[in-house]
Protein chains: 2
Amino acid sequence: MANSASGDSVVDRVVRVIEAFPEGVTSLQLTELADRAELPLSSAHRLVRQLSEHGLLDLGAGGTVRLGLRLWELVNRNSPTLALRQAAMPFMEDIQQVLNQNVNLAVLDGWEALFVERLSRRGSVANRARIAGRMPVHITSAGVALMSHQPRELQAEYLEQFHDPSGKVTADVVRHYLAEAAQQGYAQLAGVVDPDTWGIAVPVLNGKRRTVAALGVVVPLAEMRLQALVPALQTAARGIGRQLGD
Amino acid sequence: MANSASGDSVVDRVVRVIEAFPEGVTSLQLTELADRAELPLSSAHRLVRQLSEHGLLDLGAGGTVRLGLRLWELVNRNSPTLALRQAAMPFMEDIQQVLNQNVNLAVLDGWEALFVERLSRRGSVANRARIAGRMPVHITSAGVALMSHQPRELQAEYLEQFHDPSGKVTADVVRHYLAEAAQQGYAQLAGVVDPDTWGIAVPVLNGKRRTVAALGVVVPLAEMRLQALVPALQTAARGIGRQLGD
DNA sequence: ACACGTTCTACCATTGAACGGAAGGCTCCT
DNA sequence: AGGAGCCTTCCGTTCAATGGTAGAACGTGT
């Protein structure tokens, strides 16, 4: 139902163009972009030109397309997580100082944990790569901490549709994770990237006692001392919550 | 030249909607958004609904409009400054550790310095608010450091159009700043926000020896020790440049 | 040096998607 | 109960969006 051929609105197309960049890729050739966005070349060209006139995209010489600085600026200035990140940052720095561990902050989006902020451990190489990264709920402590404090109906819906493509984890196992985390008030899970690390996360509640985020650390197995880590995280999480208001 | 009345394309309107959020504001009523974007209410409504179906915006109950988490995610994953920030982060952490000062990283956009990353001084409150913030070239050390290492023509063009609305600074003063910074290899300027602080910044050169960013610190006057700060910054800047390649 | 493949850019007649005024709901005041 | 302010939906009109086509600009292999 488009102006002519292929059933989509201008907005659909704009979205597809922005979404066309694969994770971590900052620059695309026009042809490849048109390909990925499933647009006729001439249409892609026109859209990209229009968007780059406004600075949302950057159309370099020779058809190189990047996201525009202006877009990055606008989105980061008015990000929906701005208040959360601002409230959390000082506490995350405290945790990093006191515990010397990787600290991260995640929110729930769909059935995934979306990492909105992260401080890397002093001396470790930058794992900042994963800011704006996603992980399925059931493989991260942040995900489990978030889901375990959601309303019953949402948890039920989640477990209903749960399916682990690798087949390693069943819904019952996840149910157990959630129950345990809900009871303990924190979630702990073996690291996904590095099997010798553990993740520990606690929920962050806003003024209305709704779970809006999870605050977590990733620690090497050798330094795994729950009695030190959990109280620190919980204290910080309460601090963040108080700062947030609502 | 729009489908009917008021001379702008769909893309123009989408851009206006995203740009409608004032700095630091994360949430807008539909009516206010329509007003700011100069769109008829029904058109604004249609656009917002379309965009929120794709997750670029978030249309809450009661007409509350926010930027979508998905948009934030996409932009941060594929940000044009991703490589720069990743390369710089470890070095910025080093600076923060060793000097215990606020560290920031800026790029030149138009005649302004756009801050793309910032680490706050240990113990100080979050000044992270200003990530994605802009400042005119001539009032920040980062801006001067950036501009002083640009090609002659660009500097000329900049000085040509330079005008300080407050009337405090003349083009000649700025010319002096730039010359000094170019000669010394670093820029130092009195703080704008707090008059008792100083900013010091050095250019970051990529493999082709093009100035792509400025690395800077903001220090209290009492701790202003150039002989310690400048070498540390320059070393870090070289490290970043090496990491960047090109 | 030439021909070929690939990519970017520009043009323009056709047509259906975008437009927005108006009317209907809804909530929250007074 | 009435009104003000907001969100949402509907639908006939109209012109902006569309994309095939063609040409320009590289780069590459023979």
Side-chain angles (χ1 to χ4, degrees), chain A residues 1-22 25-68 78 80 208 246, chain B residues 1-22 25-68 78 80 208 246:
Chain A
M1 332 112 167
N3 250 335
S4 41
S6 50
D8 43 24
S9 70
V10 180
V11 171
D12 292 335
R13 296 170 164 220
V14 168
V15 174
R16 284 222 299 280
V17 166
I18 294 178
E19 286 180 334
F21 292 82
V25 172
T26 61
S27 155
L28 235 42
Q29 284 302 100
L30 186 55
T31 307
E32 193 181 354
L33 180 68
D35 214 36
R36 290 182 172 277
E38 299 180 67
L39 289 173
L41 180 60
S42 59
S43 297
H45 183 256
R46 178 165 28 84
L47 276 179
V48 167
R49 191 167 39 69
Q50 283 181 301
L51 286 166
S52 67
E53 273 162 16
H54 291 284
L56 292 214
L57 292 183
D58 224 3
L59 178 51
T64 303
V65 184
R66 293 169 177 271
L67 295 188
N78 308 303
K208 288 176 187 152
D246 274 351
Chain B
M1 328 112 171
N3 251 335
S4 40
S6 50
D8 43 23
S9 70
V10 179
V11 170
D12 292 333
R13 295 169 166 222
V14 168
V15 173
R16 283 221 302 278
V17 165
I18 295 178
E19 285 181 335
F21 292 82
V25 172
T26 61
S27 156
L28 236 43
Q29 285 301 101
L30 186 55
T31 307
E32 193 182 354
L33 180 69
D35 213 37
R36 289 182 171 278
E38 299 180 68
L39 289 174
L41 181 59
S42 60
S43 296
H45 183 256
R46 179 167 24 85
L47 276 179
V48 168
R49 190 167 40 69
Q50 285 182 301
L51 286 166
S52 65
E53 274 162 15
H54 291 285
L56 292 215
L57 292 183
D58 224 4
L59 178 51
T64 303
V65 184
R66 293 167 177 271
L67 296 188
N78 307 303
K208 288 175 186 153
D246 272 352

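Quick note on labels: first sequence line is chain A, next is B, and so on, each numbered from 1.
The nearest whole Å value for the distance from the CG atom in Leu39(B) to the P atom in dA18(C) is 14 Å. The separation between Leu30(A) atom CG and dA10(C) atom C1' is 13 Å, rounded to whole Å. As rounded to whole Å, 12 Å separates atom C1' of dC10(D) from atom CZ of Arg49(B). The interatomic distance linking Arg13(B) (CZ) with dC19(C) (P) rounds to 4 Å, in whole Å. Remark: P of dG19(D) and CG of Asp35(A) are 15 Å apart, rounded to the nearest angstrom. dT27(C) atom C1' lies 12 Å from atom CD of Gln29(B), rounded to whole Å. Following rounding to the nearest Å, His45(A) (NE2) and dT6(C) (P) show an atom-to-atom distance of 20 Å. Look at CG on Asp8(B): it is 8 Å from P on dG20(C), rounded to the nearest Å.
Considering every non-hydrogen atom in both Ala37(A) and Arg16(A), the closest pair reads O-NE, 2.6 Å. The minimum heavy-atom distance between Asn78(A) and Val25(B), with the atom names listed, is OD1-O, 3.2 Å.
With rounding to the nearest 0.5 angstrom, the CZ atom of Arg46(A) is 11.0 Å from the CG atom of Leu41(A). Atom OG of Ser43(A) and atom CZ of Arg13(A) lie 5.0 Å apart (nearest 0.5 Å). Note that CG of Leu33(A) is 7.5 Å distant from CG of Leu39(A), once rounded to the nearest 0.5 Å.
Residues from residues 55-67 of chain B that place a heavy atom under 4.0 Å from any atom of DNA chain D, listed by number: Gly62(B), Gly63(B).
Side-chain N/O atoms of Arg46(A) include one lying less than 4.0 angstrom from OP1 or OP2 on dT18(D). Contact between the side-chain N/O atoms of Ser43(B) and the OP1/OP2 oxygens of dG20(C) is found at a separation under 4.0 Å.
Every side chain to side chain contact (heavy atoms under 4.5 Å, CB included) that Ser27(B) has, sequence neighbours left out, goes to Thr64(B), Arg66(B).
Positionally, the nearest nucleotide of DNA chain C for Ser42(A) lies more toward the 5' end than for the other of Val10(A) and Ser42(A).
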Would you list the atom pairs, donor with acceptor, under 3.5 Å between side chains in residues 52-61 of chain B and any protein atom, with sequence neighbours excluded?
residue  : atom : partner  : partner atom : Å
Ser52(B) : OG   : Val48(B) : O            : 3.1
Ser52(B) : OG   : Arg49(B) : O            : 2.9
His54(B) : NE2  : Asp12(A) : OD1          : 2.5

